[in-house]
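Residue numbering restarts at 1 for every chain, and letters A, B, ... go by the order of the sequence lines. Just so it is clear, the structure is predicted and the values come from calculations on it, not from any experiment.
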2 protein chains.
Amino acid sequence: MTRAQNSRKTRREVLAEFRGGEILAAARRVFARRGFDAATLEEVAQEAGIAKGTLYLYFPSKEEIFWAAVRERMLELRQRAQAAMRQAEGVQARVRAAIAVRGELMRSDTEFMRIYLTEFGHLCAHPTRHRKPFRELYLAMARDLADVLEDGMRAGELRPGPPLELALTLQFLMRDCFTARYMGVFADDGLNLENFVFELFWHGVRPQSAPPRPVKKPAAAPRRMRKTR
Amino acid sequence: MTRAQNSRKTRREVLAEFRGGEILAAARRVFARRGFDAATLEEVAQEAGIAKGTLYLYFPSKEEIFWAAVRERMLELRQRAQAAMRQAEGVQARVRAAIAVRGELMRSDTEFMRIYLTEFGHLCAHPTRHRKPFRELYLAMARDLADVLEDGMRAGELRPGPPLELALTLQFLMRDCFTARYMGVFADDGLNLENFVFELFWHGVRPQSAPPRPVKKPAAAPRRMRKTR
DNA sequence: TATAATACTGACTCTAGAGTCAGTATTATG
DNA sequence: CATAATACTGACTCTAGAGTCAGTATTATA
């Protein structure tokens with residue numbers, strides 16, 4: 001019994017964590033295909049290459065599997081968004097960074113995106129055990145963004161407005177526009193979604209009567225320098 | 001058999017239509033409470049004050065009931081939106097009108113709103129028999145709006161951009177902001193949602209560097225005159 | 001290698017709820 | 001009022017799928 005029980009993970013624990021991750025990945029695929037209700041744990045198990053009973057060694061219920069799968073990615077998204085916003089310089093660049101991170105996730109993890117798009121309503125609306133934590137996480141992300149917007153308002157770069165509501169709205173916009181592309185109602189090419197969302201959020205539909213500064217970006221967004229560590 | 005079979009509806013038909021309507025109303029309440037999957041037809045029947053079997057005299061399946069309930073309202077919404085936009089004068093007023101109609105529906109028919117908010121993702125994403133008609137209806141509404149936006153662009157009142165995508169985005173915005181209020185993440189008072197959405201869509205978050213016209217509305221939006229029918 | 005501990009299995013149980021249908025109530029008709 | 005037509009009922013069937021658990025395989029330990 002002189003096993004490594006001090007902070008370091010047991011071989012067993014590592015294995016368990018790995019298996020858990022595998023299950024969540026499989027779950028993500030299946031939930032994406034079917035939606036929460038139509039998904040069966042039988043299919044999840046099959047997808048993960050294990051028996052249904054094994055799922056219950058790692059998670060207590062279907063709901064819990066679902067939520068674990070979603071939360072994992074949402075936490076990751078928040079981390080990345082925070083990092084990207086910290087990296088960027090100035091309000092505009094930070095907003096762009098927030099958008100870029102979300103776009104990146106949507107593009108790279110289509111499974112998660114689909115779940116997110118499809119189940120968002122249910123996650124918000126119906127009283128599950130996970131509604132509250134979901135909302136909190138979602139709100140936390142919005143608050144990160146709202147802080148940036150508030151800075152911008154103080155600096156006069158943005159007109160005054162309710163920062164949290166605006167931040168939430170930007171989150172909505174990203175989700176929706178990707179939904180729309182996924183639904184096939186948005187042009188499938190020739191429309192840079194991230195740019196579209198940014199432009200709309202930043203300028204609205206009104207014509208630029210008097211461009212404040214002629215900072216027409218050369219080709220793409222100038223997001224490559226990485227000063228101050 | 002010299003019954004009234006000429007265009008005019010039979011007593012029977014009227015009755016049947018009435019019963020059908022009652023069922024859809026009940027269904028709307030139950031689907032709103034529970035969401036599609038968790039709703040049971042037993043509860044719908046109870047809510048309508050009839051037996052479960054009777055439902056099947058009017059509709060062939062749960063799905064069909066759901067879709068009928070949703071479509072009814074969506075068609076109504078489209079009608080109203082078209083009318084309101086026709087009434088209004090100029091692009092800005094028309095956009096405001098489109099927003100107002102949607103806001104009105106959201107406020108007046110909370111049951112429908114909840115269904116709409118919660119099941120939107122599913123309606124879009126998963127291959128039901130009703131995905132296509134739903135999308136078509138949703139797109140049709142967007143196109144109505146897109147026509148207005150396009151006019152605005154031609155007239156130089158809006159900067160150029162993809163009209164359909166912008167129209168869809170405005171629809172999204174309305175839905176989302178009402179979702180948010182319903183979720184309780186938007187301030188519950190002191191924020192006029194319709195105005196919030198309009199302002200954001202129209203001006204973005206950027207400060208008004210040079211107000212094109214000093215048409216600062218006095219207190220509320222000036223939406224009461226109704227000239228030229 | 002024996003045996004204990006742990007990880008996994010999949011056939012099984014149990015439930016909920018969609019859809020059915022023989023029977024009953026209601027309404028129309030001669 | 002008799003009887004036919006129609007409208008409704010709710011107990012029942014059937015299915016799908018979440019969750020269980022006795023049994024099997026695997027891995028660690030003596």
Practice problem: For B:D37 and D:dG17, give me the distance from atom CG to atom C1', rounded to whole Å. | Solution: 13 Å

Exercise. Rounded to the nearest angstrom, tell me the gap between atom NZ in B:K62 and atom C1' in C:dT20.
Key: 17 Å

Practice problem: Determine which nucleotide pairs with D:dA30, using a 3.5 Å limit on both distances of a Watson-Crick or G-U wobble pair. | Solution: C:dT1

Exercise. Sort out the partner of D:dA22 for me: Watson-Crick or G-U wobble, both distances under 3.5 Å, none otherwise.
Key: C:dT9

Quiz item: Quick one: which of C:dC8, D:dG19, C:dT20 gets closest to the side chain of A:R19?
Solution: C:dC8

Quiz item: Nearest to the side chain of B:T40, which nucleotide is it out of D:dG17, C:dC8, C:dG17?
Solution: C:dG17

Exercise. Return no unless some side-chain N or O of A:Y58 is found under 4.0 Å from OP1 or OP2 of C:dA7.
Key: no

Quiz item: Can you tell me how far P of D:dA16 sits from CD of A:E42, to the nearest Å?
Solution: 13 Å

Self-check item: Whole-Å gap separating C1' (C:dA18) and CZ (B:F66)
Solution: 16 Å

Practice problem: Would you mind telling me which of D:dT9, C:dT9, D:dA18 lies closest to the side-chain atoms of A:L57? | Solution: C:dT9

Quiz item: Which is true for B:I50 with a 4.0 Å heavy-atom rule: it touches a base, it touches only sugar-phosphate, or it touches nothing?
Solution: sugar-phosphate

Quiz item: Roughly, in whole Å, what's the span from CG in B:L41 to P in C:dG17?
Solution: 10 Å

Quiz item: So which one's nearest nucleotide on DNA chain D is more toward 5', A:A39 or A:G53?
Solution: A:A39

Practice problem: State which residues pass ring-ring contact (aromatic ring centres under 6.0 Å, His included) with A:Y116; sequence neighbours excluded, sorted by chain then number. | Solution: A:F112, A:F120

Quiz item: Between B:I23 (CD1) and D:dC8 (C1'), how many Å, whole number?
Solution: 11 Å

Quiz item: Rounded to whole angstroms, how far apart are CD on B:E22 and C1' on D:dA7?
Solution: 14 Å

Quiz item: At their closest point, which heavy atom of B:I65 faces which heavy atom of B:A27, and how far apart are they?
Solution: CG2-CB, 3.6 Å

Donor-acceptor contacts under 3.5 Å from residues 179-190 of chain B side chains, at least two apart:
residue: B:T179; atom: OG1; partner: B:R175; partner atom: O; Å: 2.7
residue: B:R181; atom: NH2; partner: B:A187; partner atom: O; Å: 3.1
residue: B:R181; atom: NH2; partner: B:L191; partner atom: O; Å: 2.8
residue: B:Y182; atom: OH; partner: B:R114; partner atom: NE; Å: 3.4
residue: B:Y182; atom: OH; partner: B:R114; partner atom: NH1; Å: 3.4

Quiz item: Which class fits the ring pair A:Y138 and A:F172: parallel under 30°, tilted 30 to 60°, perpendicular over 60°?
Solution: parallel

Quiz item: Tell me: CZ of B:F59 to P of C:dA18, nearest whole Å?
Solution: 15 Å

Quiz item: With a 4.0 Å cut-off, would you call A:R33 and A:E43 a salt bridge?
Solution: yes

Quiz item: Looking at the side chain of B:A51, which of D:dG19, D:dT9, C:dC8 is the nearest nucleotide?
Solution: D:dT9

